[in-house]
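Written below as structure tokens is the structure these notes are about.
In what follows, every heavy atom counts, from backbone to side chain, and hydrogens, waters and symmetry copies are set aside.
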Amino acid sequence: MSFPLLTATAALPALGAVATAAVPAARRVAAKWLALLVSLATLVLAAVVLVRFDPGGSRYQLTESHAWIKDFGVRYELGVDGIGVALVALTALLIPFVILAGWHDADPQETGNTRWRPTQGFFALILAVEAMVIISFEATDVFLFYIFFEAMLIPMYFLIGGFGDKAHEHGDEVAATQRSYAAVKFLLYNLVGGLIMLAAVIGLYVVAGNFSLQEIVQARANGSLHMATSTERWLFLGFFFAFAVKAPLWPLHTWLPNAMGEATAPVAVLITAVVDKVGTFAMLRFCLQLFPEASKWATPAILVLALISIVYGALVAVGQRDIKRLVAYASISHFGFIILGIFAMTSQGQSGATLYMVNHGISTAALMLVAGFLISRRGSRLIADYGGVQKVAPVLAGTFLVGSLATLSLPGLAPFVSEFLVLVGTFTRYPVVGIVATFGIVLAALYTLVLYQRTMTGPVKAEVSEMPDLRVRELLVVAPLIALLIFLGVYPKPVTDIVNPAVQQTMSDVHKKDPQPEVEAAK
């Protein structure tokens, strides 16, 4: 029996979460180092998964399959395709930076209570989220995926509600109330989506007789499983609704600005760069593969919603006074691009969407973490409270600029390639949609450059005149992310080579081919 590499990649952070939570209260520094070492070990395992994955091989690789709940046809089935392996690697890559960035975010105040362990709890919850996200990217049993799709809400709820941002303009009491509101809103929105998905999961079992993604897709391909048109559409809507909440897609997005605004910067990165990717990933893996005809039927409506997300998110970001809420609305716009690429039903669009998931994770992490370092120095999230930072903290301002330019998809930085592929893939099939989507790029330039101008340039405000520049720990967080943005902006081939075969197989599942360009005959 071969080594269960995929199980180990998810089990290691889960076991690390338990071990971190069990560290004695007086040893909080040891808990931090334990969590960091576990996250680095998980990154090593994810790198092994990436190296062992053969883009030219079978669709799902490193597979594991064991009987679990025999009476209901539930199996413990894992496997990764090119899309899944890229997102597993992204998750494992970002968690060490999240832990380093949040090194002091959960340090307890001197209360005299030697039994209270907020630091241990904070880092244990981060590792728990990592474990659940990784196994969600690996699961090929629908019921197994559903369990962890829902279970990750619990640690995220406590991270948002219990370890919120300390920089609040209205004081600690109001801040605690708003944190609780944001956490409950996050949980309720996603629970409602999950409950609707549960009904669809049960319906899928009634129709197919099992939960195995590969078996259901194969049965549909060879004609041994037939779904009535109305049944397929209802099941698709049940799955898609849950994924659209998680993604988040307009008008199911309203939990995200609250959650990111009230969470610490590292937890905000965990939300939008890691957890939300499960929603868009699941659209590719489950919606398109299980319900190909319903996916094509729903495409026009989904493209409209994606366009609204792109333009609405960017417009609202322009008017934000809060740095973190601006990044949250920018992410809503970016997720609109990802969903647009998925449902453009072209290989360029879906490759761009998958690449966008990776690049958005890196660029948002870079921008939000630098913003978090900035906010922790000044103690305010309001844009108006800053000015002239580049004169007193040039390295901080420089990294903030690169993160901002990546957010607006500047050529030469990683998000440009993915956004370009999404727009090309959309334009070849839906030219009007592609043209409207480009307005999101114009608005992105507006909100990111205005943010930089108002915070970093101009006269130095008295409150920031003594602001220190980035420290060594903070540079260790930001520098690798900036390097990755530049490297993947210049040379995205390592990622596209991995994801393209999986995209072609997904296109085959929905029986779609790229439209042929219209070329005038030579005279």
What pairs of donor and acceptor atoms, side-chain ones from residues 186-199 against any protein atom, are under 3.5 angstrom apart with sequence neighbours left out?
| unit_1 | atom_1 | unit_2 | atom_2 | d |
| --- | --- | --- | --- | --- |
| Tyr189 | OH | Thr254 | OG1 | 2.7 |
| Asn190 | ND2 | Phe186 | O | 2.8 |

(request) Enumerate the residue pairs fulfilling salt bridge (charged side-chain N to carboxylate O under 4.0 Å, His left out) with a member in residues 230-243, sequence neighbours excluded, ordered by first and then second residue. (result) Arg220-Glu232

(request) Sorted by first residue and then second, give each salt bridge (charged side-chain N to carboxylate O under 4.0 Å, His left out) pair with at least one member in residues 281-305; sequence neighbours left out. (result)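 Residue pairs passing salt bridge (charged side-chain N to carboxylate O under 4.0 Å, His left out), neighbours aside: Asp81-Arg285, Glu293-Lys296.
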
Enumerate, atom names and distances included, each donor-acceptor pair closer than 3.5 Å involving a side-chain atom of residues 488-497, sequence neighbours excluded.
| unit_1 | atom_1 | unit_2 | atom_2 | d |
| --- | --- | --- | --- | --- |
| Lys493 | NZ | Asp497 | OD2 | 2.7 |
| Thr496 | OG1 | Pro492 | O | 3.4 |
| Thr496 | OG1 | Lys493 | O | 3.1 |

(request) Enumerate the residue pairs fulfilling side-chain hydrogen bond (donor to acceptor under 3.5 Å, both in side chains) with a member in residues 265-279, sequence neighbours excluded, ordered by first and then second residue. (result)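 Qualifying pairs: Thr272-Ser331, Lys277-His360.
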
(message) Test: side-chain hydrogen bond (donor to acceptor under 3.5 Å, both in side chains). Region: residues 84-97. Which pairs qualify, not counting sequence neighbours?
(response) none

What residues form a side-chain contact (heavy atoms from CB on, under 4.5 Å) with [X], not counting sequence neighbours?
| X | answer |
| --- | --- |
| Gln214 | Tyr60, Thr140, Ser212 |
| Ala14 | Ala131 |
| Ala86 | Val358, Val499 |
| Leu484 | Leu93, Ile362 |

(request) Enumerate the residue pairs fulfilling ring pair (Phe, Tyr, Trp, His ring centres under 6.0 Å) with a member in residues 278-301, sequence neighbours excluded, ordered by first and then second residue. (result) Phe137-Phe281, Phe145-Phe286, Phe239-Phe291

(request) Run the salt-bridge test on Glu150 and Lys246 with the 4.0 Å N-O cut-off and return the result as yes or no. (result) no

(request) Check salt bridge (charged side-chain N to carboxylate O under 4.0 Å, His left out) between Glu474 and all other residues, then give those that pass, not counting sequence neighbours. (result)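 Glu474 satisfies salt bridge (charged side-chain N to carboxylate O under 4.0 Å, His left out) with Arg377, Arg471 only.
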
(request) For ring-ring contact (aromatic ring centres under 6.0 Å, His included), just list the numbers for Phe373 and Phe400, CA-CA rounded to whole Å, side-chain angles, deciding distance to a tenth of an Å, and then say yes or no. (result) CA-CA 10 Å; Phe373 298 148; Phe400 192 83; over 10 Å; no

